[in-house]
Protein chains: 2
Amino acid sequence: MSQQRNGQAAGVSDGAVFPDLPEATVARLPEYLRALHNLAETGFDTVSSEGLAAAAGVNSAKLRKDLSHLGSYGTRGVGYDVALLIAQIEHVLGLTQRRAVALVGVGNLGHALAGYAGFSSRGFRIAALFDADPGRIGERINGLVVHDIARLPEVVAAEAISIAVIATPAHAAQSVADRLVAAGVTSILNFAPCVLSVPDGVDVRKVDLAIELQILSFHEHRKSALTTLPSPTGDGSMKIRPTLDGEALAT
Amino acid sequence: MSQQRNGQAAGVSDGAVFPDLPEATVARLPEYLRALHNLAETGFDTVSSEGLAAAAGVNSAKLRKDLSHLGSYGTRGVGYDVALLIAQIEHVLGLTQRRAVALVGVGNLGHALAGYAGFSSRGFRIAALFDADPGRIGERINGLVVHDIARLPEVVAAEAISIAVIATPAHAAQSVADRLVAAGVTSILNFAPCVLSVPDGVDVRKVDLAIELQILSFHEHRKSALTTLPSPTGDGSMKIRPTLDGEALAT
DNA sequence: TAGATTGTTAATCGATTAACAATC
DNA sequence: TAGATTGTTAATCGATTAACAATC
């Protein structure tokens, strides 16, 4: 059982059909795509690696390295053709068709995700909603009716769904994942704060909102610990910020 | 201007007060913490690296390496004391006090985040809501009133807020970030699909829901491209899954 | 003591980055 | 041609992993 795909992105073993892409590159391509769409709307036909890198928040060496994995789509001395690069990245990401997505769990967070416009505008169609709560089944959200989760196999097949979003409480998520996999889903975006176990060949990505804040909390904690220490640059200045932590500080 | 903290986690330059933690370790500590709370609830007093690693979805070598950065809190031949390790991780993450968080943008997604129970149960208190839409100001969500964003400085100071969540449309996010920073916020969790530019010393983490699906889409695309290719293991078997992509396949 | 399990070492691997030759 | 910018190289850095000595 694998819990998360890692290392090089899957491709055929001889490398003839598709080049393998480093996972770090795959994770950045969507950001480049978003930046390119912005540039296109602003009227740019062409962009340099420096310009695109700035728009995507990375350095230009990394951007060029990433794009070099896709093949050569830039022109030396000129830059990249915006429309061409958009098409190429959309092709690599498999976004040339709109993908149908199932969403399981229409509570607080799931309800918001069902109405999230960003899914629709960036390559996806929420094709079906599911919940286990009898009180919610039949409810309409954004033009979609909430199905009983028992109907997963039927609806997943009918809508040709291969990607699902789990927005249930943590205690229900593993069971939902099992049922999704049994119904034929092969990619899962998990918002429940728990680890999912899935068979090889199924990809899981996890988004844990509290974990994001906890990582920020760590850095806040570090920053406040620096409050009264002498500057490491040796210029004699002190960083004085009020510490909210009330923690013992080295002096 | 920095857009994202990277590399080793910040600490004092001489390393005397806090050990520096690798960023990859920092990002996993919250997952260990969640797993430990589960174990504690299930009645475990002690857990081995093997057991905790399984619960957190990592391998045990990585877990031990991560924990070794905190100091030595395990007992050879026995394992880790669950309560002690919880306390240690919460201390390192700065979760010994409940941190006040501001949320800006109470539209579709922001409204759900304002009611997200996981923030409250895992170390945070949504202390204030803000929006720019006059139609939403004064609205009550989960017992909190939505303030005019013009009141940011005042409320951030009064509530001692250092962390904020941006859940506005992308076109408003940079301006909101600027105002948050001006008001004294030093950590931002950004749900808007855009790059934020902030001064050094301010940490930004970004969650882009569509990007998560696009990364899964890439892997779906790869999986369907494998459909009719001979097995790389050379056992003569074929991976036959119906391809939904309708894409030209090498044969 | 014997068995179990940690904490650390060292090898490996993947990602980042600066520099620059190639070339438009 | 001269200037600009890509694509690639090679060095560096950080993260992962297996193995095992230390030790409970």
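Quick note on labels: first sequence line is chain A, next is B, and so on, each numbered from 1. Computation of the quantities below employed the complete heavy-atom set of this structure, encompassing side-chain atoms and omitting hydrogens, waters and symmetry-equivalent molecules.
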Electrostatic pair Arg222(B)-Asp203(A), nearest N-O below 4.0 angstrom: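 Here Arg222(B) does not pair with Asp203(A) in a salt bridge, since their nearest N and O are not under 4.0 Å apart.
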Restricting to pairs with a member in residues 67-95 of chain B, which pass salt bridge (Lys or Arg N to Asp or Glu O under 4.0 Å), not counting sequence neighbours?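 Every pair satisfying salt bridge (Lys or Arg N to Asp or Glu O under 4.0 Å) with a residue in residues 67-95 of chain B: there are none.
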For the pair made of [atom1] in [X] and [atom2] in [N], what is the distance, rounded to whole Å?
| X | N | atom1 | atom2 | result |
| --- | --- | --- | --- | --- |
| Lys62(A) | dG14(D) | NZ | P | 13 Å |
| Leu63(A) | dA18(C) | CG | C1' | 15 Å |
| Leu21(A) | dA15(C) | CG | P | 11 Å |
| Arg28(B) | dA15(D) | CZ | C1' | 8 Å |

Return the set of residues passing side-chain contact (heavy atoms from CB on, under 4.5 Å) with Gln88(B) (not counting sequence neighbours), or none when no residue passes.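 If we apply the side-chain contact (heavy atoms from CB on, under 4.5 Å) test to Gln88(B), skipping adjacent residues, the hits are Leu70(B), Tyr73(B), Val92(B).
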Ala40(A): what forms a side-chain contact (heavy atoms from CB on, under 4.5 Å) with it, not counting sequence neighbours?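 Val82(A), Ile86(A).
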Contacts of Arg64(B) that satisfy salt bridge (charged side-chain N to carboxylate O under 4.0 Å, His left out) - sequence neighbours left out: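 Partners of Arg64(B) under the salt bridge (charged side-chain N to carboxylate O under 4.0 Å, His left out) test: none.
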Residues two or more places apart in sequence or in another chain: which of them pass ring-ring contact (aromatic ring centres under 6.0 Å, His included) with Phe44(A)?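 Partners of Phe44(A) under the ring-ring contact (aromatic ring centres under 6.0 Å, His included) test: none.
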Within the 4.0 Å limit for protein heavy atoms, which parts of nucleotides 1-9 of chain C are touched? Write it as a string from 5' to 3', B for base, S for sugar-phosphate only, - for none. ---BBBBBB
Starting at the 5' end of DNA chain D, write a dot or bracket for each base, bracketing those in Watson-Crick or G-U wobble pairs whose two distances are under 3.5 Å and using | for partners on another strand. ..||||||||||||||||||||||
Could you list the residues that satisfy side chain to side chain donor-acceptor pair (under 3.5 Å) with Arg179(B), not counting sequence neighbours?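 In terms of side chain to side chain donor-acceptor pair (under 3.5 Å), with neighbours along the sequence ignored, Arg179(B) is linked to no residue.
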Can you give the donor-acceptor pairs under 3.5 Å from side chains of residues 25-35 of chain B to other protein atoms, not counting sequence neighbours?
unit_1	atom_1	unit_2	atom_2	d
Thr25(B)	OG1	Asp66(B)	OD1	2.7
Arg28(B)	NE	Tyr32(B)	OH	3.4
Arg28(B)	NE	Asp66(B)	OD2	2.7
Arg28(B)	NH2	Asp66(B)	OD1	3.0
Arg28(B)	NH2	Asp66(B)	OD2	3.2
Glu31(B)	OE1	Lys206(A)	NZ	2.7
Glu31(B)	OE2	Lys206(A)	NZ	2.9
Glu31(B)	OE2	Arg34(B)	NE	2.8
Glu31(B)	OE2	Arg34(B)	NH2	2.5
Tyr32(B)	OH	Asp66(B)	OD2	2.5

